[in-house]
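This is a predicted model, so every value here is computed, not measured.
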Amino acid sequence: MQARPAAAPLAPSVPPDASAAAAAAAVVSILSDAEDPDDRLRASGISPDPALFPHLRRSLTALPESAFPALVRWAGAASAISLLASRGLFAASWRLLLSPASPPPPLSAFAPLVRRYARLGCAPAALRAFHFLRRHPNRYTLDNDAASPAATSLLNMAVGALCKEGYPRVAARLVERCRREGEAAPDERTYNMLLDGWSGARRLDKVGKLWFEMRQAGVRPTVVSYGTLIKALCLMQQPDQAACLLDEMREEGIEANLLTCNPIVNALAHAGRFRDAYKLLEKFPLHGVAPNISTFNSLVLGYCKYGDLAGASSVLKAMMGRGILPTAKTYNYFFIFFAKTGNVELGMNLYSKMVNNGYAPDQITYNLLIKLLSEANRVELVV
């Protein structure tokens with residue numbers, strides 16, 4: 001088993017944690033001072049980098065509400081409302097969003113509120129927010145990339161938030177109500193989010209029913225629709241049905257991708273059906289898809305799960321022969337097996353190969369090695 005040489009360190013694209021914390025502290029200090037926060041934020045040169053937001057979030061409750069408009073102007077409405085809602089500052093968020101403004105805030109600025117309500121288990125509050133905006137469409141503007149009519153975009157915003165937070169039933173009822181009242185017609189994005197919501201809830205019966213309804217409504221499935229259905233089938237350990245959908249996609253002129261193919265390989269490997277997994281791999285070119293690191297990682301994980309180290313090693317050779325280098329995640333599957341079986345010798349041999357080849361193990365690797373050595377009473381090797 002060969003290890004990947006360590007790559008040259010890359011320049012960070014976001015500030016390191018300490019720098020982000022210092023920059024966030026400077027922003028909080030400026031916002032706390034009521035005198036010209038906008039000018040001072042511009043003069044500071046600090047941009048609203050997402051790396052700053054976790055540090056900003058901790059200090060929001062200490063800021064005066066008079067500072068929040070400047071926060072919106074600096075971070076953007078959607079990011080600022082997301083920060084405020086994450087700290088439970090719902091009233092302040094609504095006051096900001098409903099304050100006189102020209103133009104009104106974008107619809108995306110309301111989405112964090114709806115999702116946060118749902119995450120806190122307050123689906124009725126999320127629905128009230130939706131119905132308020134439904135009655136007052138002048139309170140928001142559509143985002144520039146909105147491809148749907150205003151009513152459907154609003155519906156999709158609510159459906160997406162509810163489904164992501166585990167409320168597909170509430171979302172489905174909302175869609176049905178809007179359709180019944182003729183207010184908004186669900187489009188392919190609406191159906192895709194509902195499919196994903198029911199898939200996450202492991203309700204394959206609902207997924208199948210929704211798929212039929214989608215067809216009946218004349219909404220043509222996209223590659224995202226098929227990918228969501230395939231994921232649902234694979235989660236429910238039905239990879240054969242999922243594989244049939246790849247042929248259906250080809251017949252309909254929809255190009256497959258790794259998001260539609262990899263879950264099937266993963267499900268087959270998880271079930272120990274390696275011959276079928278390799279047969280599917282042979283068909284990848286037919287679907288215009290080439291395997292990637294995730295494809296091979298699924299096979300390595302499957303072989304390690306069933307204790308077949310020779311099979312896992314053969315996958316490593318095959319992927320490297322294709323020019324795909326293993327990652328720490330790839331090797332960690334071996335270490336998981338070694339930790340379960342208590343095989344210290346093989347575990348330390350692989351670790352030595354990784355280090356000698358200049359490959360730096362990640363934190364999970366070290367955790368697994370510590371577990372392996374501790375349970376084998378070889379703590380002298382930990383240090």
- Message: Contact between R220 and R215 at the side-chain level, heavy atoms closer than 4.5 Å - yes or no?
- Response: no
I'd like to know if the side chain of K305 and the backbone of H270 have a donor-acceptor N/O pair within less than 3.5 Å. yes
In terms of heavy-atom contacts, Y366 and P361 come closest through CE1-O, 3.6 Å
A24 and L56 have their tightest heavy-atom pair at O-CD2, 3.7 Å
dist L113:CG -> M157:CE (nearest 0.5 Å) comes out at 9.0 Å
Smallest heavy-atom separation, S47 atom then L52 atom, equals O-CD2, 3.9 Å
By side-chain hydrogen bond (donor to acceptor under 3.5 Å, both in side chains), N349 pairs with (sequence neighbours left out) none
Applying side-chain hydrogen bond (donor to acceptor under 3.5 Å, both in side chains) to Q237 and not counting sequence neighbours gives none
Student check: side-chain heavy atoms of P105 and Y140 closer than 4.5 Å: no
**Asked** Are the side chain of S199 and the backbone N or O of L195 linked by a donor-acceptor pair below 3.5 Å?
**Response** no
With sequence neighbours left out, the residues meeting side chain to side chain contact (heavy atoms under 4.5 Å, CB included) with A78 are S108
Go through it in stages, so that I can follow the logic: the residues are N266 and N297, the test is side-chain contact (heavy atoms from CB on, under 4.5 Å), and I'd like the CA-CA distance, side-chain angles, deciding distance and then a yes or no.
CA-CA 9 Å; N266 183 67; N297 277 352; over 6 Å; no
**Message:** For residues L286 and L258: do they belong to one hydrophobic cluster (side chain heavy atoms under 4.5 Å, members Ile, Leu, Val, Met, Phe, Trp, Tyr)?
**Reply:** no
Sidechain-backbone polar pair: T152 side chain, A185 backbone, donor-acceptor under 3.5 Å:
yes
Any chance the side chains of S153 and N156 put a donor and an acceptor closer than 3.5 Å?
no
query: Going by heavy atoms in the side chains, are C234 and I264 under 4.5 Å from each other?
result: yes
Check: Any side-chain heavy-atom pair from V315 and T330 closer than 4.5 angstrom?
Finding: no
If you measure only the distance, is there a donor-acceptor pair under 3.5 Å linking the side chains of D362 and T365?
yes
Taken to the nearest 0.5 Å, the spacing of L350 CG from M348 CE works out to 10.0 Å
Does S313 use its side chain to pair, donor to acceptor, with the backbone of L309 at less than 3.5 Å? yes
Sorted by chain and number, sequence neighbours left out, ring pair (Phe, Tyr, Trp, His ring centres under 6.0 Å) with W211 holds for Y226
All heavy atoms of I30 vs all of S44, minimum pair found to be CD1-CB, 4.1 Å
Any heavy-atom pair between the side chains of I230 and L246 that's under 4.5 Å?
yes
Y303 and Y278 aromatic ring geometry - parallel, tilted or perpendicular at 30°/60° bounds:
tilted
Value for CZ (R128) from CZ (R134), rounded to nearest 0.5 Å, stands at 16.0 Å
Margin query: Keeping S29 on the side-chain end and A25 on the backbone end, is there a donor-acceptor pair under 3.5 Å?
Written below: no
Contacts satisfying side-chain hydrogen bond (donor to acceptor under 3.5 Å, both in side chains) that involve residues 160-176 (not counting sequence neighbours) are R115-E165, R119-E165, E176-R179
| field | Transitive ILVMFWY side-chain link F338 to Y306, under 4.5 Å | value | yes
* Is D308 reaching over with its side chain to a backbone N or O of G311, donor-acceptor style, under 3.5 angstrom? -> yes
- Are I46 and V72 connected, step by step, through hydrophobic side chains (Ile, Leu, Val, Met, Phe, Trp, Tyr) whose heavy atoms are closer than 4.5 Å? yes
When every non-hydrogen atom of A339 is compared with those of L368, the smallest separation belongs to CB-O, 4.2 Å
Sequence neighbours excluded, the answer for side-chain hydrogen bond (donor to acceptor under 3.5 Å, both in side chains) partners of T295 is N262, N292
Residue pairs meeting side-chain hydrogen bond (donor to acceptor under 3.5 Å, both in side chains), one or both in residues 334-347, sequence neighbours left out, come to none
**Message:** With a sphere of 6.0 Å drawn around CD1 of I364, does it hold more than 12 non-hydrogen atoms of other residues, nucleotides or ligands?
**Reply:** no
Those residues at least two apart in sequence (or on a different chain) that pass side chain to side chain contact (heavy atoms under 4.5 Å, CB included) with K209 are E213
Sorted by chain and residue number, the side-chain hydrogen bond (donor to acceptor under 3.5 Å, both in side chains) partners of D205 (sequence neighbours excluded) come out as R203
* For the residue pair F132 and H136, does the interplanar ring angle fall in the parallel (under 30°), tilted (30 to 60°) or perpendicular (over 60°) class? -> tilted
Assess the residue pair F335 and Y351 against the criterion (ring-ring contact (aromatic ring centres under 6.0 Å, His included)); give the C-alpha distance rounded to whole Å, side-chain angles, the decisive distance to 0.1 Å, and a yes or no. CA-CA 9 Å; F335 288 118; Y351 174 71; 7.2 Å; no
Greater than 12 external heavy atoms within 6.0 Å of H287's NE2: yes
Across all chains, not counting sequence neighbours, the ring pair (Phe, Tyr, Trp, His ring centres under 6.0 Å) partners of F110 are W94
Margin query: Run the side chain to side chain donor-acceptor pair (under 3.5 Å) test on S225 and T222 for me, step by step, so that the C-alpha distance in whole Å, both residues' side-chain angles and the decisive distance to 0.1 Å come before the verdict.
Written below: CA-CA 5 Å; S225 313; T222 64; 3.3 Å; yes
Measure from the side-chain N and O atoms of S99 to the backbone N and O of L96, and report whether any donor-acceptor pair falls under 3.5 Å.
yes
**Message:** Do W198 and L204 sit in one hydrophobic cluster, given that two such residues count as connected whenever their side-chain heavy atoms are within less than 4.5 Å of each other, even indirectly?
**Reply:** yes
Item to check | Residues F337, V300; criterion side-chain contact (heavy atoms from CB on, under 4.5 Å); working and verdict | outcome: CA-CA 11 Å; F337 173 75; V300 171; over 6 Å; no
Exercise. Dump the intermediate steps for side-chain contact (heavy atoms from CB on, under 4.5 Å) on F130 and V114, then the final yes or no.
Key: CA-CA 8 Å; F130 165 79; V114 177; 5.8 Å; no
Residues 260-276 vs salt bridge (charged side-chain N to carboxylate O under 4.0 Å, His left out), sequence neighbours excluded, gives D240-R273, R273-D276
I'd like to check K206 versus P168 (side-chain heavy atoms, cut-off strictly below 4.5 Å). Are they in contact?
no
Checklist line | Any side-chain heavy-atom pair of W74 and L31 under 4.5 Å | finding: no
Do the side chains of L281 and P291 get nearer than 4.5 Å, heavy atoms only? yes
Judged by atom type as modelled, is there a donor-acceptor pair below 3.5 Å linking the side chain of N192 to the main-chain atoms of E188? yes
Candidate pair L280 and C261, rule side-chain contact (heavy atoms from CB on, under 4.5 Å), full reasoning:
CA-CA 8 Å; L280 180 60; C261 295; 5.6 Å; no
Contacts satisfying salt bridge (charged side-chain N to carboxylate O under 4.0 Å, His left out) that involve residues 73-84 (not counting sequence neighbours) are D38-R73
- Query: Looking at E255 and R250, does any basic side-chain N land under 4.0 Å from a carboxylate oxygen?
  - Reply: no
Mind checking whether L259 and L268 sit in one hydrophobic cluster, side chains of I, L, V, M, F, W, Y counted as touching below 4.5 Å? no
